[in-house]
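Treat the numbers as computed from the prediction; the structure is a model and nothing was measured.
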Amino acid sequence: MKKWLKKKSNILFILILGFALYQQFPVLKNNFEQENKTIPTRKVLSYTSDKQVDFPPTGKKAIAIFWATWCGPCKIEMNRLKSSVESGSIPRDAIFAINPFETEGKIKKFMAEHFFPFVFIESSLGNDLGVTVTPTTIFIDNGKLESMSSGMSLWGIWKAEFFI
């Protein structure tokens with residue numbers, strides 16, 4: 001009886017894992033398709049300064065994180081990036097936070113309640129890149145999308161520090 005239950009639980013685990021991977025396939029496929037894409041510099045509104053800024057910055061490396069106020073994994077990733085900024089591993093002006101899903105009022109309320117040393121911007125880049133999952137992090141080098149990953153990453157912070 002125990003052996004039979006163990007086999008059933010293994011089969012169930014494999015089915016659940018397979019279903020989870022199947023659900024993630026379109027996101028992973030999109031992320032790989034976006035790599036090496038050129039992102040033209042454009043003027044965007046900075047919620048941080050209420051002024052227009054260039055994004056992505058010309059001639060520089062940048063990290064953009066697509067996030068949402070209700071996203072727990074986003075807050076974890078943003079806190080990890082915050083620690084790297086505070087330790088001096090990543091420059092403050094190299095990280096751009098983009099929330100393509102919520103209103104300016106909701107974003108500014110979040111910013112007032114939580115301090116993150118990033119440039120929060122309004123941008124349609126999420127639509128252009130097909131971002132549907134938060135957090136999604138992109139690495140941009142002089143306007144070229146070098147890497148795009150969705151979800152939490154155990155090694156993402158080291159990758160970010162190495163990239164910049």
Smallest separation among heavy atoms of [X] and [Y], with atom names:
X      : Y      : result
Asn142 : Thr58  : OD1-C, 4.0 Å
Ile164 : Pro91  : CG2-CD, 3.2 Å
Ala68  : Asn99  : CA-ND2, 3.5 Å
Thr137 : Phe139 : CG2-CE1, 4.1 Å
Arg92  : Pro117 : CG-O, 3.3 Å
Val133 : Thr136 : O-OG1, 2.5 Å

Is the shortest side-chain N to carboxylate O distance from Asp93 to Lys60 below 4.0 Å?
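Answer for the salt bridge query: yes.
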Counting only N and O atoms by type, is there a donor-acceptor contact under 3.5 Å from the side chain of [X] to the main-chain atoms of [Y]?
X     : Y     : value
Gln52 : Ser46 : no
Thr41 : Pro56 : yes
Ser83 : Asn79 : yes

Give, for atom [atom1] of [X] and atom [atom2] of [Y], the distance between the pair rounded to the nearest 0.5 Å.
X      : Y      : atom1 : atom2 : value
Thr69  : Lys109 : OG1   : NZ    : 9.0 Å
Ile107 : Ile121 : CD1   : CD1   : 10.5 Å
Glu104 : Leu45  : CD    : CG    : 6.0 Å
Thr134 : Met152 : OG1   : CE    : 12.0 Å
Arg42  : Ser123 : CZ    : OG    : 5.0 Å
Glu113 : Lys108 : CD    : NZ    : 14.5 Å

By the rule that ILVMFWY residues connect when side-chain heavy atoms come within less than 4.5 angstrom, directly or transitively, which residues belong alongside Phe115?
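Reading the cluster by chain and number, Phe115 sits alone, since nothing else belongs.
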The test is side-chain contact (heavy atoms from CB on, under 4.5 Å); show your working for Glu77 and Ile65 and say whether it passes.
CA-CA 9 Å; Glu77 290 293 300; Ile65 182 166; 3.9 Å; yes
[Y] and [X], any side-chain heavy atoms less than 4.5 Å apart:
X      : Y      : value
Lys37  : Glu35  : no
Glu146 : Ile140 : no
Phe163 : Lys61  : yes
Ile39  : Lys144 : no
Leu145 : Asn36  : no
Ile157 : Leu81  : yes
Ile90  : Ile95  : yes

Which residue pairs pass the ring pair (Phe, Tyr, Trp, His ring centres under 6.0 Å) test when at least one of the two sits in residues 65-87, sequence neighbours left out?
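Listed by first then second residue: Trp67-Phe110, Trp67-Phe120.
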For residues 84-105, pull every pair meeting ring pair (Phe, Tyr, Trp, His ring centres under 6.0 Å), keeping only residues two or more places apart or in separate chains.
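Qualifying pairs, neighbours excluded: Phe55-Phe96.
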Polar side chain donor-acceptor pair, Ser149 to Lys159, under 3.5 angstrom:
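Lys159 and Ser149 do not have a side-chain donor-acceptor pair below 3.5 Å.
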Contacts of type salt bridge (Lys or Arg N to Asp or Glu O under 4.0 Å), residue Glu161, not counting sequence neighbours:
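With sequence neighbours excluded, Glu161 shows a salt bridge (Lys or Arg N to Asp or Glu O under 4.0 Å) to no residue whatsoever.
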Using the rule given for side-chain contact (heavy atoms from CB on, under 4.5 Å), can you reason through Leu125 versus Ile138, listing the C-alpha separation, both sets of side-chain angles and the distance that settles it, and then say yes or no?
CA-CA 11 Å; Leu125 184 59; Ile138 62 172; 3.9 Å; yes
Listed by chain and number, what are the side-chain contact (heavy atoms from CB on, under 4.5 Å) partners of Lys51, not counting sequence neighbours?
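Lys51 satisfies side-chain contact (heavy atoms from CB on, under 4.5 Å) with Ser49 once adjacent residues are dropped.
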Disulfide bond (SG atoms under 2.5 Å apart) partners of residues 49-101, not counting sequence neighbours, each pair once:
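Every pair satisfying disulfide bond (SG atoms under 2.5 Å apart) with a residue in residues 49-101: Cys71-Cys74.
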With side-chain contact (heavy atoms from CB on, under 4.5 Å) as the test, would you mind laying out the steps for Met148 and Leu129 before giving the verdict?
CA-CA 10 Å; Met148 182 170 172; Leu129 298 177; 4.2 Å; yes
